[in-house]
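Everything below concerns the one structure shown next.
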Amino acid sequence: MSDNLIETRRQKLQQLRDLGIDPYGGRMDRILPNRMLREKVERLKIEAGQTSEVKNRVAGRIVLLRNIGKLIFITLRDSTGDFQLGLSKSMLPENEWKIAKLLDLSDIVVADGHLGRTKTNEPTLWAEHLHLQCKALRPPPEKWHGLSDPDIRYRQRYVDLFTNPEVMRTFRQRVLILNTVREYLVERSFLEVETPTLQPIYGGAAARPFTTHHNTLDIDLFLRISPELYLKRLLVGGMERVFEFSRNFRNEGIDTRHNPEFTLLEAYQAYGDYNDMMDLAEGLVTCCIDRLGGGMVRKYGEKEIDFTVPWPRRKYADLVKEFAGVDMWDSAAVRAKAASIGIEKKHAAEAVLIADLYDHFVEPNLLNPTFVMDWPADLCPLTRRDPSDPRIAQRFELIVNGMELANAYTELNDPAVQEATLRKQLAGQGDETMAVMDEDFIQALEYGMPPAGGIGMGLDRLVMLLTGNPSIRETILFPLQRPKARVPGEQGGADSPAGPDTAPGVTKS
RNA sequence: GCGUCGCUAGCUCAGCUGGUAGAGCAGCGGAUUCUUAAUCCGCGGGUCGUAGGUUCGAGUCCUACGCGACGCACCA
C-alpha cells in the first residue's frame with residue numbers, strides 16, 4: 001500500500017550496495033557549516049559564473065533536488081542554513097555519478113569540491129567527489145508547505161527540525177538564551193549547582209507532584225516541583241550565590257503556557273533582597289536580547305512588547321486599585337467586587353479573593369514587562385514580611401504579556417515565622433496530595449540562613465517571548481503528547497522511542 | 001474535566017443541499033549541462049481517524065470513542 005515510497009528507496013539502497021557503496025557513510029573531517037561556506041563565498045568575492053581554486057567540504061541533508069540530466073543542483077541543509085551543491089557528470093568519477101543519479105530528497109551527503117557561483121550568482125560547491133552518508137528510507141514532507149500538522153511536528157520533532165528552518169532557528173536561539181543566562185550569572189560569581197530531582201518531600205511551590213517509587217529503599221518519591229528549599233539549604237551551608245537550571249515537574253493541565261515538565265532558573269543571592277532580583281531580571285533579559293539582536297521592542301503575534309529598561313515597579317495594591325477599583329485592604333469592597341465577577345467562595349481566605357481580583361483585572365492587562373511588587377503576605381509563605389507592614393510580603397512577579405515570567409522574594413530567614421506560615425499554608429489546603437512539613441528545612445533555617453534575595457524565572461517562557469513563539473510547546477523540543485494507540489501489527493509508529501522495558505545495558509550512561 | 005474546531009494519498013489541501021474521491025508537491029518512466037518550489041511529456045497511488053446508526057445510497061447526516069489545536073477550569 002503506502003509503503004511504495006519506502007519500497008522504492010529500499011530498492012535504491014540495494015542498487016547502491018550492488019555498486020559497492022556503503023549507503024550509511026562514515027567519519028568525515030573538516031566539514032564547514034553552511035553558514036561559513038556562505039560567508040567564505042562572500043569573502044572570496046567570487047563573481048557570477050566563476051569558481052575558486054580553494055577546496056572545501058560540505059555536508060548536509062538534501063532538501064531540494066533539481067535534476068537537469070547531466071547536471072544536478074542540490075540544496076543541502078544543516079543546522080546553520082542551506083547551501084547549494086552542484087553535481088556535473090563531467091566533474092565526477094563515473095561511479096560517483098551513478099550515486100548522484102540515485103539520490104533522493106532527505107538523503108544525507110558529503111561532497112568535496114570548489115566554491116563558486118553559478119551563472120545566476122547562487123553560491124555553489126561544485127563537487128569533485130560525492131560521499132553518500134545516509135540513504136533515507138522515508139520521504140520528507142511537502143517541500144514548499146513543509147510539515148504543519150502540530151501533532152506530527154511534536155511527535156516527530158526530528159522531521160520538524162530539518163523541514164522547518166524557523167523551528168531550528170528557535171531552538172538554536174534557546175541555546176543562545178540559556179548560555180547567555182548561565183554566563184551572566186557565572187560572571188557575577190554565582191555558583192551553578194545541582195539539587196535533587198527526586199525528593200522525599202516536595203515543596204517550594206504549590207502544585208500537584210508526580211510520584212514515583214524507589215525499589216531498594218522501598219520509599220515513595222516525588223519529582224520536584226521546585227528546587228527552592230534545597231537551594232536555600234545551600235545558602236545556610238555558606239554558598240552565598242547559587243543558581244540552578246531546574247527541570248521541574250508539575251502534574252497539572254497543559255496549555256500554551258504550561259508543560260508538565262519545564263525549565264526554571266532559580267538564583268539566590270545572600271545579603272540581597274528582592275530589589276536586587278529586579279535588577280538581576282532586567283540585566284539577564286537585556287543581555288539575552290543583546291545577543292539575539294532585533295532590539296528591545298519585539299513583535300509578539302499581533303502585539304509589540306517593549307523590553308526597554310527600567311521596567312515599571314508597581315505595587316500590587318496600587319494595581320488592584322487602578323484596574324479593579326478596589327482598596328484591597330477593604331474587606332467588604334473586596335468581597336463585593338469578587339462577587340460581581342462571579343467569584344464567591346464563602347470560606348476562601350480574603351487573600352485568595354484579592355488574588356482572584358488581581359488575576360482577573362490586573363495581570364491580563366500588563367503587556368510590557370512590569371514588576372508587580374509587595375504582595376499580600378498571606379499569599380507568600382516563603383517570603384519576608386515588610387518590616388513596616390506585616391500584611392505585605394517583599395515579593396514580586398515579573399509579568400510580560402499577561403504571563404508570569406519570574407517570581408522573586410526577599411527570602412524569609414526567620415525559622416519561627418517560616419514554620420508558622422508553612423503550617424498555616426498546610427492547614428488551608430485539605431487536599432491529601434499536598435506536602436507535609438519539611439522539618440529539615442526548618443532545622444536548616446535554625447542553623448542560620450543569611451538574608452537573601454531569590455528569583456525563579458521560567459526559561460521556556462523567556463524563550464517564547466524573545467523568539468516570538470505563541471506556545472510553550474514551540475520552545476520545548478519534545479513536549480508531552482498523549483501516546484497514540486498502536487495499530488496491532490504495525491511496525492514502528494510515531495510514539496516516544498523507548499518503552500519502560502528497555503533492556504538493561506543498552507544506554508550510554 | 002468542559003466547550004469549539006479539526007482528522008480525506010507520504011506531505012499541504014479541495015470535495016456544495018447525501019449519488020460512490022480530486023489537485024499540487026513527493027514517487028515511477030522518458031527528455032534535459034546553470035537550476036532556485038527547475039521545466040516539459042506520460043503513469044501509478046486512498047479502510048476519507050475508529051466503531052456503530054439513519055438511508056436505496058454516507059467523505060458528507062446522527063451517536064460514541066480516539067488523537068490534536070484553541071479557549072475555559074486547574075496551575076498561590
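In what follows, chains are A, B, ... by sequence order, proteins preceding strands, each numbered from 1. If you're wondering where the values come from, they're calculated on a predicted model, not measured in any experiment.
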Using the C1' atom on both, measure B/A21 against B/U47 and round to a whole Å.
14 Å

Once you apply a heavy-atom cut-off of 4.0 Å, does A/Gly86 come out as touching a base, just sugar-phosphate, or nothing?
nothing

Pair partner, B/U33 [Watson-Crick or wobble, under 3.5 Å]:
none

For A/Glu142 and B/G10, what is the distance between atoms CD and C1' respectively, to the nearest whole Å?
11 Å

Length of the CD1-P vector between A/Ile152 and B/A9, whole Å
10 Å

Say whether A/Glu228 and A/Tyr230, considering side chains only, have a donor N or O and an acceptor N or O under 3.5 Å apart.
no

So, OP1 or OP2 of B/U33: does either fall under 4.0 Å of a side-chain N or O from A/Ser90?
no

Mind checking who B/A14 pairs with, Watson-Crick or G-U wobble, both distances under 3.5 Å?
none

From B/A69, B/U36, B/A37, pick the nucleotide closest to the side chain of A/Gln481?
B/A69

For A/Asn251, which contact category applies under a 4.0 Å heavy-atom criterion: base, sugar-phosphate, or nothing?
nothing

Quick one: which of B/A76, B/C11, B/G10 gets closest to the side chain of A/Pro139?
B/G10

Is there a donor and acceptor pair closer than 3.5 Å between the side chain of A/His258 and the base of B/C75?
yes

Roughly how many Å is it from CD1 in A/Ile68 to C1' in B/U35, rounded to a whole number?
4 Å

Indicate, with a heavy-atom threshold strictly under 4.0 Å, whether A/Leu147 touches base, sugar-phosphate, or nothing.
sugar-phosphate

For A/Tyr274 together with A/Tyr409, are the ring centres under 6.0 Å from each other?
no

With hydrogens left out and only the distance checked, is there a donor-acceptor pair under 3.5 Å joining A/Thr75's side chain and the base of B/U36?
no

Searching all strands shown, indicate the nucleotide that pairs with B/G49 (Watson-Crick or G-U wobble; both distances under 3.5 Å).
B/C65

For A/Trp97 versus A/Gly69, what's the shortest heavy-atom pair and its separation?
CZ2-O, 3.4 Å

Between B/G46 and B/A37, how far apart are the two C1' atoms, rounded to whole Å?
26 Å

Base, sugar-phosphate or nothing for A/Arg473? Non-hydrogen atoms, less than 4.0 Å.
sugar-phosphate

Considering every strand and a 4.0 Å limit on heavy-atom distances, what is the contact class for A/Ser88: base, sugar-phosphate, or nothing?
base

Are the side chain of A/Arg77 and the backbone of A/Phe162 linked by a donor-acceptor contact shorter than 3.5 Å?
yes

Taking pairing as Watson-Crick or G-U wobble with both contacts under 3.5 Å, can you name the mate of B/A26, or confirm there isn't one?
none

Side-chain atoms of A/Leu5 come closest, of B/A26, B/A76, B/C74, to B/A26

What's the gap between B/A58 and B/G53 when it is taken at their C1' atoms, as a whole Å value?
11 Å

In the strands shown, is B/C75 matched to any nucleotide by a Watson-Crick or G-U wobble pair with both distances under 3.5 Å, and which?
none

Partner nucleotide, any strand, of B/U55 [Watson-Crick/G-U, under 3.5 Å]:
none

Length of the CG-C1' vector between A/Leu85 and B/U33, whole Å
15 Å

5'-most by nearest nucleotide on RNA chain B - A/Arg117 or A/Pro381
A/Arg117

Return the nearest nucleotide to the side chain of A/Pro141; candidates are B/C11, B/U36, B/G27.
B/C11

Which of B/C34, B/A26, B/U12 is nearest the side chain of A/Lys119? It is B/C34

Does a distance-only test, which skips hydrogens and angles, find a donor-acceptor pair under 3.5 Å between the side chain of A/Gln84 and the base of B/U35?
yes

Per A/Leu71 side chain, nearest of listed nucleotides B/U36, B/U33, B/A37
B/U33

On RNA chain B, more 5' by nearest nucleotide between A/Asn67 and A/Ser471 is A/Asn67

Would you indicate what A/Asp255 reaches in the nucleic acid, counting non-hydrogen atoms under 4.0 angstrom: base, sugar-phosphate, or nothing?
base

Test item: A/Asn401 side-chain N/O and A/Met403 main-chain N/O as donor-acceptor pair under 3.5 Å:
no

The side chain of A/Arg66 is closest to which nucleotide in this list: B/U12, B/A76, B/U36?
B/U36

Among B/C70, B/C74, B/A38, the one nearest any side-chain atom of A/Leu64 is B/A38

I'd like to know whether the aromatic ring centres of A/Tyr358 and A/Tyr316 sit less than 6.0 Å apart in this structure.
yes

Could you tell me the separation between the CZ atom of A/Arg482 and the P atom of B/G1, rounded to a whole number of Å?
7 Å

Between A/Ala100 and A/Ile72, what is the shortest heavy-atom contact and its length?
O-CD1, 3.8 Å

Using both distances under 3.5 Å as the test, list the Watson-Crick or G-U wobble partner of B/A9, or none.
none

Sticking with atom C1', work out how far B/C61 lies from B/U55, rounded to a whole angstrom.
10 Å

Describe the nucleic acid contact of A/Tyr409 in one word from base, sugar-phosphate, nothing, applying a heavy-atom distance below 4.0 Å.
base

Reckon A/Pro140 touches a base, only the sugar-phosphate, or nothing at all at heavy-atom distances under 4.0 Å?
nothing

